[in-house]
> 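Before I ask anything, let me first share the structure, which is written out below as structure tokens.
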Amino acid sequence: MDFPILSSLILLPLLGAIFIFFSKSKSNTHPTIKYLALFVSFANFILSLYLWYLFDPSNADFQFLEEQSWIKGFINYKVGIDGISILFIILTAFIAPLCIVSVNSTVKYRLKDFLVAILVMESLMIGVFCSLDLVIFYLFFEGGLIPMFLIIGIWGGERRVYSAFKFFLYTLLGSVLMLVAIISIYWITGSTDITYLYNLGIDEKYQYLLWLAFFSSFAVKTPMWPVHTWLPDAHVEAPTAGSVLLAAILLKMAGYGFIRFSVGLFPVASEYFIPLIYILSLIAIIYTSLVALMQEDMKKLIAYSSVAHMGFVTLGIFTFTQQGLEGSIFQMISHGLVSAALFLSVGVIYERMHTRLISNYGGLVSVMPKYAIVLMVFTLGAVGLPGTSGFIGEFLILIGAFKKSFLVAAIASIGVILSAAYMLWLYKRVVFGEIKKDEIKKIPDLNRAEIFILSVLVLPIIFFGFYPEPLLNTTEISIENLIEMYNTNINSNLVEK
Amino acid sequence: MEFEYLIIFLPLVGAILSGFFGKFLGSRNSEILTSLFVSISSIFSFLIFYKVFNDGYTNNLDIFTWINSGSFNVNWSIKIDALSSVMLVVVTLVSSVVHIYSIGYMSHDPHKQRFMSYLSLFTFSMLMLVTSDNFLQLFFGWEGVGLCSYFLIGFWFKKESANAAAIKAFIVNRVGDFGFALGIFLIFYLFGTVNYAEVFELIPQSLNINLTFLGLSFNAINLICILLFIGAMGKSAQIFLHTWLPDAMEGPTPVSALIHAATMVTAGVFLIVRCSPIYEYSPLALNIITLVGMSTAFFAATIALAQNDIKKIIAYSTCSQLGYMFFAAGVGAYNVAMFHLFTHAFFKALLFLGSGSVIHSFKDEQNINLMGGVWKRLPYTWILMIIGTLALTGFPFLSGFYSKDAIIEFAYLRGSTTGYFAAGIGVFTALLTSIYSWRLVFKTFHGDYNNKKLNISSMHESPMVMIIPLIILAIGAIFSGFLFKDLFIGIESSSNFWKNSIFFLEPLSQDHPPSWFIFLTPILVILSIPAAYYIFVKNMKITNEIVNGNLPLYNFLKNKWYFDELYDYLFVNPSKKIGLYFWKKIDLRFIDRFGPDGVSNLIKNISLFTVKFQNGFIYHYAFIMLLGFSALLTFLILR
């Protein structure tokens, strides 16, 4: 047995969290605990990069497998990764330290608990992306809700309790159904091991209901229309670091779940439900873009734009084409970077002005030129301009969608026009124009920590816009394999009929 | 090191240096550096151009892989052939001239480094656009120039109108890009590649592919052509998607000269010419292009007649001239379209920069009704503007004469109905062009001095750093037609030059139109000069009478055919209303009310209801127990 790198990735933040939790730091906001948390999460990021270095992209099988029986004959702790999951792990490990750096100014009380929550969350998220057993996947997946729920409920804004409960209610509803489905799978097949289930295949007659059960959970988390209304509220109330985690990683669990479970386990049902997904995705893209256009609160606007961007992801996954699927994964990574960056940017000015209302801003470029530059890059990333990572994902998804249907691709492309409208209008109202308020005249430009965080996000957004190969290359073979498996399943099902 | 890399990446280096290290470099150094880099790039472009027409040089460099996903492969590339070499010369020459001019024009602006950086970045994007060997890099450049245009239109970020114009430009262009992107998807869908050469090779065998869409069947080639053309219409401000161009005049004048006259707006024409191997197989699309081109040429010219803002007149003039280029391409005379693009770059940049010099002298006044009588005070600007105007209107032996008349003649020779119609519109529009152009010159430089705010003695000529670039452009405006006529549109020499970069299914007609037709346009153009002088300077009563006699028509023209109002009514306001409706009514009133809030209320109500029973009164509990007991009994008995 080699060095258990995946378990280390999962456990390291958790150990850090436990250590911090029991550390007897007198003041709750002592800087050393922050540095400790930062150190742990950064070490984890380095470890994840090492994992990427070790990873063999030309191999479609699961790699770095670890298996440990937990409850005999029922639950196995089984982890492993392939080209589909590795990027999400790196994204998670990349975003977590940024969140920890950003708490500097955003979290005013109970810093220690907040850091513990972030680290626990990181552990669970990484766990989600490496689980190869349905039960432990479920545990990680739902476990991730708890720290998020606490982050919103404890450190949130005025309506934090309402938002936290809304978030909880929505996600719980979907989760319960997924749990039932997982239990049913165990009854039907006698196993919850994903690789085993991939090979076995689930009988067609069960697939539809099981698919719907998983769908209800993933649709809420994505979020898809019409179960998206928790997201704007959750974002608005969450502290900056919470929003970043939520947008950058939590939403991606659902997209990942669609690929790994809905498509992987229930190919026939996936094929059957394509129209449903397309319709909901298109509604998400157009509807939420229009809603985003009219928002008065910056965070709500970005939250709604997230729904639209995730609409592209679900669309791309269910094209079952190489471009569509690779595009979806790319879009998720890119959206993880861009939305994290946008929420951090909003956090920066919220710290200074204590308002998120767009109408309270205007003319920032005169006092915060550096901020204006980085925010422009993120805005363009969200708009999907060629040369930013946002373009590659959207473009590949649309190419994939076009293969399926001209109409679907055409409607989705309208979303690209709308995204330009709402993002540029937001930028204009916040950054350009005359300074209308005296308070704005006094606010300082980015400090060093902020410059550091934001430029760390600027670089990959531009780099992967011009050279997306490292990411595309990593996912390529695994996706090929997935599509091949999918097509064999569909064809054999047709033959049986 | 090959020249090509220097040509394309020097402007990028300049943009980065001036943009990120501008403070460190200082404004003067940034200006010199960016101008120098673009000028070097320009010199190398001329070298390449020379190599292309002298030795038939072509080159196709792959820089590195951009996207590689399954069967979708695209590289960053540099493709040099006759077509791109012409564009290289136009772009880098005008760009370097504009860079130098900007040193003078922007001398009082506090953000010079940023301005120069944007100009250089624009140049880089435009070069990426023209040297691409595939549709996707073209799209990259296409959006890149759109972005720089957005930055530069909104350069004076404190002006509300400038910001609005910038966003409008970006979004209207995105509407065009929507078509363009769908065109690229379709190309990849049909041919499995987006590389020009590979696509063009597959076209002849794909003529009969039909696609069904919403129950209708379309020919795939026609569909590709039309979708790509929608993109071209957006970028080149053709009718229906033109509304952003006049507003774009909010940007500094050098920007208008570089982006909104000479280079970016001609990208649409370039796209059509580049795709001639596809368009040649789609007579339908060519007819549409002719129709749109001539409509734009005509309608923009009519609007230009009634505008009073010096830059807006020239903007509509640009729109109109782009219309000429499109209908040239539409009648299959791609090389003539390129020729007009080439000459137009010189005289239109000259006119814009000249008007910038005027605006500079009038301390940012742009209304021509508040000018007049200053030709002696601004002698260089005056002469240069007259040269530009003569070239634009097609005065014999200046550059516009060769290119514009060639367009009208080729349209006539096409022999089809649309061809004749286009030729007729072309002649009439040439007359309109002449009238509005001379109106501009006469109202600006001649007649009485009408500006109350500034004393005429305060008028003085712009500095040499602004005049010399104008002189360079003026030389181009005078001679570029005569010198390059054979190369671009000569019967034998032109096919030697263009080679494979332009494709003709059938060779262009080599006849000559009847001689009365050849002389018609120049005669009209020459006669209109004294006529314009008479009605706009000598006897202004006539103009006033015409205006007052046709007030509805005048208002129609003055308000630009009410396009903006129409679009606000049709698209902008409804989008906002629908967005608000979705948010307030559906998200909040419906989904939330019956979704999470409904569920939590339901639970709350049920618990409130049950709470009522737990009130501590023994007889309530006894009653419930009795009820339960009897229910259980009934169940057991009935079982």
Side-chain angles (χ1 to χ4, degrees), chain A residues 165-166 169-170 173 226-230 232 287-295 304 321-323 326-327 330 363 365-366 380 385-387 391-392 395-396 398-399 401-403 406-407 409-410 413-414 416-418 420-421 424-425 428 431-434 466-469 472-473 476 479-480, chain B residues 19-20 64-72 76 136-137 139-144 146-147 150-151 154 157-160 162-164 166-167 170-171 174-175 177-178 181-182 184-186 188-189 211 213-214 575-576 578-584 586-588 590-592 595-597 599-600:
Chain A
F165 271 101
K166 199 171 179 182
L169 256 176
Y170 259 122
L173 174 84
V227 286
H228 64 282
T229 60
W230 61 270
Y287 175 107
T288 49
S289 296
L290 286 169
V291 174
L293 197 61
M294 296 315 290
Q295 295 306 308
Y304 273 110
T321 55
Q322 187 79 25
Q323 288 85 23
E326 281 191 39
F330 200 93
V365 64
S366 311
L380 296 174
L385 196 90
F391 172 73
I392 312 281
F395 186 82
L396 288 174
L398 288 172
I399 276 199
F402 195 95
K403 285 187 178 166
F406 183 93
L407 189 63
S413 304
I414 295 174
V416 179
I417 303 176
L418 292 172
L424 292 181
W425 199 31
K428 176 204 136 184
V431 173
F432 288 146
E434 293 274 8
F466 282 90
Y467 191 62
E469 270 305 283
L472 293 176
N473 192 30
E476 188 173 10
I479 297 239
E480 251 175 53
Chain B
F20 289 107
F64 60 86
T65 307
W66 183 13
I67 302 180
N68 176 13
S69 166
S71 54
F72 186 83
W76 294 107
L136 205 65
Q137 186 186 327
F139 191 69
F140 165 82
W142 194 266
E143 295 261 299
L147 175 72
Y150 163 82
F151 285 150
F157 52 80
K158 286 187 179 166
K159 261 166 84 182
E160 193 58 33
N163 289 324
I167 292 191
F170 197 89
I171 291 171
R174 274 251 156 157
V175 175
D177 295 350
F178 164 75
L182 287 179
I184 297 176
F185 300 153
L186 184 55
F188 177 69
Y189 174 69
L211 297 168
F213 172 59
L214 293 177
S575 304
K576 289 185 178 176
I578 294 171
L580 211 56
Y581 180 84
F582 280 164
W583 177 32
K584 297 273 187 193
I586 300 190
D587 263 22
L588 298 183
F590 190 79
I591 298 179
D592 273 3
D597 297 357
V599 171
S600 55

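Hydrogens, waters and symmetry mates are skipped; everything else that's a heavy atom, side chains included, is used. We name chains A, B, ... by the order of the sequence lines, and we start the count at 1 in each one.
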> For the CE atom of A/M294 and the OH atom of A/Y304, what is their distance to the nearest 0.5 Å?
12.5 Å

> By a 4.5 Å heavy-atom criterion (distance strictly below it), what part of B/L211 contacts chain A: side chain, backbone, both, or neither?
neither

> For A/E469, enumerate each residue passing the salt bridge (charged side-chain N to carboxylate O under 4.0 Å, His left out) test, keeping only those at least two apart in sequence or located in another chain.
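If we apply the salt bridge (charged side-chain N to carboxylate O under 4.0 Å, His left out) test to A/E469, skipping adjacent residues, there are no hits.
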
> For B/Y581, which atoms come within 4.5 Å of any heavy atom of chain A: side chain, backbone, both, or neither?
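Contact with chain A: none, neither part.
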
> Where does B/W142 contact chain A at under 4.5 Å (heavy atoms): side chain, backbone, both or neither?
neither

> Using every non-hydrogen atom in the two residues, find where A/T288 and A/H228 come nearest and quote the distance to one decimal.
CG2-CD2, 4.4 Å

> Select, from A/V227, A/L293, A/V365, the one with the greatest count of heavy-atom pairs under 4.5 Å involving chain B.
A/V365

> Relative to chain B, which of A/F165, A/Y170, A/F466 shows the most heavy atom pairs under 4.5 Å?
A/F466

> By a 4.5 Å heavy-atom criterion (distance strictly below it), what part of A/W230 contacts chain B: side chain, backbone, both, or neither?
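Nothing of A/W230, per the 4.5 Å heavy-atom cut-off to chain B.
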
> Shorter than 4.5 Å, heavy atoms on both sides: which option in A/Y287, A/Y467, A/F391 has the most such pairs with chain B?
A/Y287

> What's the spacing between B/R174 CZ and B/I171 CD1 if we round to 0.5 Å?
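Here the interatomic distance stands at 9.5 Å.
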
> Quick check on the interface: out of B/S69, B/G70, B/G579, who has the most heavy-atom pairs with chain A under 4.5 Å?
B/S69

> Which atoms of A/L472 are under 4.5 Å from chain B, going by heavy atoms: the side chain, the backbone, both sets, or neither?
side chain

> Starting at CZ of B/F151, measure out to CG of B/L147 and round the result to the nearest 0.5 Å.
4.0 Å

> How close do A/E326 and B/N68 get, heavy atom to heavy atom, and via which atoms?
OE1-O, 4.2 Å

> Report which part of A/L396 has an atom under 4.5 Å of a heavy atom belonging to chain B: side chain, backbone, both, or neither.
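Just the side chain, heavy atoms under 4.5 Å.
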
> Below 4.5 Å from any heavy atom of chain A, which atoms of B/L580 appear? Answer side chain, backbone, both or neither.
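Interface part for B/L580: both.
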
> Quick check on the interface: out of B/F64, B/F188, B/F139, who has the most heavy-atom pairs with chain A under 4.5 Å?
B/F188

> Check each atom of A/L169 against the heavy atoms of chain B and say whether the ones under 4.5 Å are side chain, backbone, both or neither.
side chain

> Would you say B/W66 and B/F140 make side-chain contact, with heavy atoms under 4.5 Å?
yes

> Are the aromatic rings of A/F395 and A/F330 close, with centres under 6.0 Å apart?
no

> Is there a side-chain contact between B/I67 and A/I392 in this structure, where contact means two heavy atoms from C-beta onward sitting under 4.5 Å apart?
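Of all side-chain heavy-atom pairs linking A/I392 with B/I67, at least one is under 4.5 Å.
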
> Counting only non-hydrogen atoms closer than 4.5 Å, does A/E434 touch chain B with its backbone (N, CA, C, O), its side chain (CB onward), both, or neither?
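When you check distances to chain B, atoms from both the backbone and side chain of A/E434 fall under 4.5 Å.
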
> What residue, out of A/A409, A/A420, A/A401, has the most heavy-atom pairs lying under 4.5 Å from chain B?
A/A420

> Are any side-chain N or O atoms of A/Q322 and backbone N or O atoms of A/E476, one a donor and one an acceptor, separated by less than 3.5 Å?
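At least one qualifying donor-acceptor pair exists.
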
> Which atoms of B/F170 come close to chain A, meaning under 4.5 Å heavy atom to heavy atom: side chain ones, backbone ones, both, or neither?
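The answer is the side chain of B/F170.
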
> Is B/F72 close to chain A through its backbone or its side chain, or both, or neither, when contacts mean heavy atoms under 4.5 Å?
both

> As an exercise, state the distance from CG of B/L182 to CZ of A/F406, rounded to the nearest 0.5 Å.
5.0 Å

> Is A/Q323 close to chain B through its backbone or its side chain, or both, or neither, when contacts mean heavy atoms under 4.5 Å?
both

> Determine the option with the most heavy-atom pairs under 4.5 angstrom with chain B, choosing from A/P386, A/P226, A/P468.
A/P386

> What option among B/N163, B/D177, B/I184 has the most heavy-atom pairs under 4.5 Å with chain A?
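Option with the top pair count is B/N163.
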
> Measuring heavy-atom distances to chain B, does A/I414 have an atom under 4.5 Å in its side chain, in its backbone, in both, or in neither?
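When you check distances to chain B, atoms from both the backbone and side chain of A/I414 fall under 4.5 Å.
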
> Parallel, tilted or perpendicular: which one describes the rings of B/F157 and A/F432, with boundaries at 30° and 60°?
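Ring orientation of B/F157 relative to A/F432: parallel.
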
